[in-house]
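In what follows, every heavy atom counts, from backbone to side chain, and hydrogens, waters and symmetry copies are set aside. Every chain is numbered from 1 and lettered A, B, ... according to where its sequence line falls, protein lines coming before strand lines.
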Amino acid sequence: MASYDDVMSLSVRRGFLWPAAELYGGFGGFYDYGHNGVLLRRRWEDLWTETFLGLSDNYYLIDTTTILPEAALKASGHVDHFTDVLVTCTRCGESYRGDHLLEAATHVEEEGLTPAEIDARIRDLKIRCPNCKGELGPAREFNMMFPLGIGPTAKDRAYLRPETAQGVYLNFKREFEALRRKLPMGLAIVGRAYRNEISPRQGTYRMREFLQAELQIFFDPATFADFVPLDTSAGERIRIAWAAEKNEPTAHEIAAEAVVERGLPSWYVYHLLAVQRFYLAALRIPRDAFRFAELDEKERAFYNKIHFDIQIRQESLGGFREVGGVHYRTDHDLKGHEAGSHTKQAVTFGASKLVPHVLELSFGVDRNVWAVLDLAFAKGDRLVLRLPPRLAPVTVAVFPLVNKAGIPERAESIFASLRKRFTAFYDDSGSIGRRYARMDEIGTPFSVTVDHESLEGNGATVRERDSQKQIRVPEAELADAIAKLLSGETSVVP
RNA sequence: GCGGGGCUAGUCUAAUGGUAGGACAGAAGCUUCCCAAGCUUCUAACGCGGGUUCGAUUCCCGCGCCCCGCACCA
């Protein structure tokens, strides 16, 4: 059980993360990562990259600009759909989206109107506040994208990208050529995205600058299933909450083939399984803390034909919260850029010529890191961060039991050799118990202690974080032993 | 953006219109040496700005930030 304050306080105290620009009173919606936070985050990113690029030998990482010209975001739909016109009641202060107010009154779609046009329509239709019947104030525009003026005259309009995905779509044809015209083709970006959130809240859950890890898989819908055959022989079940029951803290355990029978394409289910394995097997998230949550038609973005959120239960955030999504975006994005750029995006693949469809595996990195911290947080007699060993900022600590009799020298030499292979940390201050406790708080899985016996050739002890158990390992075998413990091949606990 | 609550060392907190105290953490030393032992010493805070006042961390106003609810979340 970890409260929000528990996680944030530990994060601040131990160098994981904290609010940005605190020196100047803070900066809402922005967070900085400290030395341990960066290590943790990078290990999460490495595991993500290894896992999802590993799905195919035609999946690669690319990197694209964080600033995009207006035309590209116009074509993607973000300039129009990321801009809301808000109207606030002068009496009760309730805010509404202008287009929603009009649609409620006229029952026809009212998109793309300017604030002045919305004001005029509200006057004509005599619309009043749905909440208190008060008079509505003037409409004002609110754009979720950060606008930029490029060049000395700021004549070229641009925006900070609201998602990394567009960078992939803009480079689709270049990579399709460079990767010698094969489908499926996967292009991933781990990078920053920016949204001018109205009210950023709950730490790194909703930020104005955040990290996304997204894999866009381009495919031919006619043949994709052949490339990713769904293997149901293991009888794996997928944890799903349907749209109607999302507010309940539960999930169904549904066999993969049964999910296909409900109408989802087998290639989609294949990727649900891949994502679930990433969380359960690689990240070691407790099974009951993971689920997919279906979004119904109203909640989905208009271009997403199938959309399940990836959710992790986090005590600090009050239950299941979204950390990613699996989105079938069809050919919407490439078609949009085809129209916007007047450049054909169709490619010839096998017998067919087509604009490829896109399956997007999208992850909020900061949200995932927070979830990892939340789930790892364990406070009883002692405070332990039970991180999966591979994610821990420090892999192995080295301590001299006492600071005399040549023990520190021996410990330092062991430290010097271990740090060649692992992120290692040396500490000789305070009692041995205090040093173990410090390592417990940042989740260091293994601590090597050099004692008197070490000087007599009896090796050093390796102490495991969660069990506090120790084994004695010959000095020459320490590095290999740590590597095996890290991979899970062996364990301190018999 | 609206409403409510809040902001004191790194963290958690106490008190006060007149010298801001503690605990834990941190540093140094002594001592001990396998799980935050003990002793000594030290470092370190009133979110920012304005007002009232002889004097404001305290009262008032504005701003910032955090939390909760509403709205928003392509």
A.B. asks: Using the test side-chain hydrogen bond (donor to acceptor under 3.5 Å, both in side chains), find all partners of A:Ser3 that sit at least two apart in sequence or belong to another chain.
C.D. replies: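 For A:Ser3 the side-chain hydrogen bond (donor to acceptor under 3.5 Å, both in side chains) partners, ignoring immediate neighbours, are A:Asp6.
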A.B. asks: side-chain hydrogen bond (donor to acceptor under 3.5 Å, both in side chains) with A:Thr204: which residues, sequence neighbours excluded?
C.D. replies: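 By the side-chain hydrogen bond (donor to acceptor under 3.5 Å, both in side chains) rule, A:Thr204 matches no residue at all.
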A.B. asks: Can you identify which nucleotide, out of B:C66, B:A74, B:G1, has its nearest atom closest to the A:Ile198 side chain?
C.D. replies: B:G1
A.B. asks: Sequence neighbours excluded, which residues qualify as salt bridge (Lys or Arg N to Asp or Glu O under 4.0 Å) partners of A:Asp466?
C.D. replies: A:Arg386
A.B. asks: Determine the interatomic distance between C1' on B:U43 and the same-named atom on B:C68; round to the nearest Å.
C.D. replies: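 Here B:U43 and B:C68 have their C1' atoms 37 Å from each other.
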A.B. asks: Checking all strands, does A:Phe399 fall into the base, sugar-phosphate, or nothing category for heavy-atom contacts under 4.0 angstrom?
C.D. replies: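 No contact.
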A.B. asks: How far, in whole Å, is B:A14 from B:U57 if one measures between their C1' atoms?
C.D. replies: 13 Å
A.B. asks: Looking at the side chain of A:Glu163, which of B:C67, B:A27, B:A74 is the nearest nucleotide?
C.D. replies: B:A74
A.B. asks: Parallel, tilted or perpendicular, judged at 30° and 60°: which one describes the rings of A:Phe52 and A:Trp48?
C.D. replies: tilted
A.B. asks: Test: ring pair (Phe, Tyr, Trp, His ring centres under 6.0 Å). Region: residues 187-218 of chain A. Which pairs qualify, not counting sequence neighbours?
C.D. replies: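 Qualifying pairs: A:Phe172-A:Phe218.
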A.B. asks: For A:Gly318, answer base if it contacts any base atom (sugar-phosphate contacts may also be present), sugar-phosphate if it contacts only those atoms, and nothing otherwise; contact means non-hydrogen atoms under 4.0 Å.
C.D. replies: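 Answer is nothing: A:Gly318 stays at 4.0 Å or more from every strand.
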A.B. asks: So which pairs with a foot in residues 387-419 of chain A pass ring pair (Phe, Tyr, Trp, His ring centres under 6.0 Å), sequence neighbours left out?
C.D. replies: A:Phe399-A:Tyr436, A:Phe415-A:Tyr426
A.B. asks: Scan residues 357-373 of chain A for pairs that pass salt bridge (Lys or Arg N to Asp or Glu O under 4.0 Å), counting only residues two or more places apart or in two chains.
C.D. replies: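 Those involving residues 357-373 of chain A are A:Glu322-A:Arg367, A:Arg329-A:Glu360.
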A.B. asks: Can you name the side-chain hydrogen bond (donor to acceptor under 3.5 Å, both in side chains) partners of A:Tyr159, sequence neighbours left out?
C.D. replies: A:Glu70, A:Arg157
A.B. asks: Can you check the A:Asp428 CG to B:G29 C1' distance for me, whole Å?
C.D. replies: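 Taking CG of A:Asp428 and C1' of B:G29, I get 14 Å after rounding.
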A.B. asks: Do you know which of A:Phe377, A:Tyr31, A:Tyr4 makes ring-ring contact (aromatic ring centres under 6.0 Å, His included) with A:Trp370?
C.D. replies: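 Only one of A:Phe377, A:Tyr31, A:Tyr4 forms a ring-ring contact (aromatic ring centres under 6.0 Å, His included) with A:Trp370, namely A:Tyr4.
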A.B. asks: In whole Å, I'd like the distance from the CG atom of A:Asn36 to the P atom of B:G10.
C.D. replies: 19 Å
A.B. asks: In what stems does RNA chain B take part, counting only runs of at least 3 consecutive Watson-Crick or G-U pairs whose two distances fall under 3.5 Å?
C.D. replies: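 Only these stems qualify: B:1-7 with B:64-70, B:10-13 with B:21-24, B:26-30 with B:38-42, B:47-51 with B:59-63.
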A.B. asks: Can you check the distance between B:G3 and B:C35, where both ends of the measurement are the C1' atom (answer in whole Å)?
C.D. replies: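 B:G3 and B:C35 have their C1' atoms separated by 50 Å.
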A.B. asks: Taking the C1' atom of each, how far is B:C46 from B:C65, in whole Å?
C.D. replies: 16 Å
A.B. asks: Atom CG of A:Asp5 and atom C1' of B:C12: how far apart are they, to the nearest Å?
C.D. replies: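 To the nearest whole Å, that distance equals 10 Å.
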A.B. asks: Where along residues 199-208 of chain A does a heavy atom fall under 4.0 Å from RNA chain B?
C.D. replies: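 By residue number: A:Ser199, A:Arg201, A:Gln202, A:Gly203, A:Arg206.
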A.B. asks: Taking the P atom of each, how far is B:G26 from B:G10, in whole Å?
C.D. replies: 15 Å
A.B. asks: Please list all pairs meeting salt bridge (Lys or Arg N to Asp or Glu O under 4.0 Å) that have one or both residues in residues 390-405 of chain A, counting only residues at least two apart or in different chains.
C.D. replies: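 Counting only pairs at least two positions apart or across chains, the salt bridge (Lys or Arg N to Asp or Glu O under 4.0 Å) contacts touching residues 390-405 of chain A are A:Glu50-A:Arg390.
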A.B. asks: Could you check whether A:Gly77 gets within reach of a base, just the sugar-phosphate, or nothing at all, counting any heavy atom under 4.0 Å?
C.D. replies: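 A:Gly77: no heavy atom of the nucleic acid under 4.0 Å.
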A.B. asks: Using only atom types and a distance under 3.5 Å, with no angle test, would you say the side chain of A:Arg472 pairs donor to acceptor with the backbone of A:Asn458?
C.D. replies: yes
A.B. asks: Where each residue is assigned the nucleotide of RNA chain B containing its nearest heavy atom, which of A:Arg367 and A:Phe30 is assigned the position nearer the 5′ end?
C.D. replies: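 Comparing both residues, the 5'-ward one is A:Phe30.
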A.B. asks: For B:U11 versus B:A37, give the span between their C1' atoms, rounded off to a whole number of Å.
C.D. replies: 22 Å
A.B. asks: Show which side-chain atoms of residues 12-23 of chain A pair as donor or acceptor with protein atoms under 3.5 Å away, not counting sequence neighbours.
C.D. replies:
unit_1, atom_1, unit_2, atom_2, d
A:Arg13, NH1, A:Glu441, OE1, 3.1
A:Arg14, NE, A:Glu441, OE1, 2.7
A:Arg14, NH2, A:Glu441, OE1, 3.1

A.B. asks: How far does the C1' atom of B:C63 sit from the matching atom of B:G21, given to the nearest Å?
C.D. replies: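 After rounding to an integer number of Å, I get 30 Å for this pair.
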A.B. asks: Sugar-phosphate atoms are those with a prime plus P, OP1 and OP2; base atoms are the rest. Using that split, label each nucleotide of nucleotides 33-49 of chain B B, S or - for protein heavy atoms under 4.0 Å, 5' to 3'.
C.D. replies: BBBBS------------
A.B. asks: Between B:G4 and B:A71, how far apart are the two C1' atoms, rounded to whole Å?
C.D. replies: 15 Å
